[in-house]
Visitor: 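Here it is, the structure in full.
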Amino acid sequence: MATTPKRSRSRSAARLAAVQALYQQEMEAVPVPRLLHEFHQHRLGATIEGVEYAEAEVDFFDDLVSGADARRAELDALIAAKLSAGWTLARLDKPMKAILRAGAYELVARPDVAAATVIDEYVDVAKAFYDARETGFVNGLLDALAKEVRR
């Protein structure tokens, strides 16, 4: 199925919102149903402090957040296995963990989305938070993970 520019933008917005939701969940231990409700009511497609947020594909957002939460232990193990010697998941900051968990979930559970698209999208999300070194890290780790889980 061809992806339209509007659908592509709404999925990009859903990915960014999912990373924000996963970050908030880790910071505040918000239960997923409450977190989804908050994002549906107050974030997705809203205007906050003069910034208009793109309309996000809600079902896709819900799947990313719920799926990444439900499979967190599995995803964390996959991510940890790709870290350099001496690095642990605990050493990564919370925004990076949220990016990697969402990307890993999409690679593992959403075969309908091309691996290259997943990697490119989460590198773009990482650019909102980090410099080139960290975005390269996201690219390399998700690429290695894709080669394992998308055989």
Visitor: Between Leu100 and Phe137, is there a side-chain heavy-atom distance shorter than 4.5 Å?
Guide: yes

Visitor: Mark yes or no for whether Arg110, through its side chain, and Phe60, through its backbone, hold a donor-acceptor pair below 3.5 Å.
Guide: no

Visitor: Is the shortest side-chain heavy-atom distance between Val108 and Glu74 below 4.5 Å?
Guide: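 Counting from C-beta outward, Val108 and Glu74 do come under 4.5 Å.
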
Visitor: I'd like to know if the side chain of Arg15 reaches the main chain of Tyr122, judged simply by a donor and an acceptor atom lying under 3.5 Å from each other, with no hydrogens or angles considered.
Guide: no

Visitor: Just so I know, are the side chains of Glu26 and Arg101 near enough to count as touching, which here means a heavy-atom distance under 4.5 Å?
Guide: yes

Visitor: Do Glu28 and Arg34 sit within salt-bridge range, that is, some charged N less than 4.0 Å from a carboxylate O?
Guide: no

Visitor: For Arg71 versus Ala109, what's the shortest heavy-atom pair and its separation?
Guide: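 Shortest heavy-atom contact: NH1-CB, 3.5 Å.
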
Visitor: So, applying side chain to side chain contact (heavy atoms under 4.5 Å, CB included) with Val138, which one of Ile119, Val123, Val125, Asp124 is it?
Guide: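 Of the listed options, the one satisfying the test is Val123.
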
Visitor: Linking I/L/V/M/F/W/Y whenever any side-chain heavy atoms sit under 4.5 Å apart, do Tyr23 and Leu75 land together?
Guide: no

Visitor: Which pair of heavy atoms, one from Pro95 and one from Val19, lies closest together, and at what distance?
Guide: O-CG1, 4.5 Å

Visitor: Within the 4.5 Å heavy-atom criterion, are Arg11 and Glu121 side-chain neighbours or not?
Guide: no

Visitor: Do the side chains of Met96 and Tyr130 get nearer than 4.5 Å, heavy atoms only?
Guide: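 Side chain of Tyr130 against side chain of Met96, heavy atoms only: contact under 4.5 Å found.
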
Visitor: In Å and rounded to the nearest 0.5 Å, what is the OG1 to CG distance from Thr117 to Leu107?
Guide: 10.5 Å

Visitor: Give me the atom names and distance for the closest heavy-atom approach of Lys97 to Leu92.
Guide: CE-O, 3.3 Å

Visitor: Quick one, Phe39 and Asp62 - any side-chain contact, counting heavy atoms below 4.5 Å?
Guide: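 Phe39 does not reach Asp62 side chain to side chain.
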
Visitor: Rounded to the nearest 0.5 Å, what separation is found between the CD1 atom of Ile99 and the CD atom of Gln20?
Guide: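 It is 10.0 Å, given to the nearest 0.5 Å.
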
Visitor: Minimum heavy-atom separation for Leu145 and Ala104, please, with both atom names.
Guide: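 Leu145 and Ala104 have their closest heavy atoms at CD2-CB, 3.4 Å.
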
Visitor: Side chains of Leu141 and Leu83: closer than 4.5 Å at any heavy-atom pair?
Guide: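 Yes, close enough: below the 4.5 Å cut-off.
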
Visitor: Are Met27 and Leu64 in one and the same hydrophobic cluster, where Ile, Leu, Val, Met, Phe, Trp and Tyr link if side-chain heavy atoms are under 4.5 Å apart?
Guide: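 No, no single cluster joins them.
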
Visitor: I need the minimum non-hydrogen distance between Ser66 and Leu36, along with the two atoms involved.
Guide: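 Shortest heavy-atom separation between Ser66 and Leu36 comes out as OG-CD1, 3.6 Å.
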
Visitor: Ignoring hydrogens, what is the shortest heavy-atom contact between Ala21 and Leu35? Give both atom names and the distance.
Guide: O-CD2, 3.2 Å

Visitor: State whether the side chain of Tyr105 and the backbone N or O of Ala70 hold a donor-acceptor pair below 3.5 Å, judged by distance alone.
Guide: no

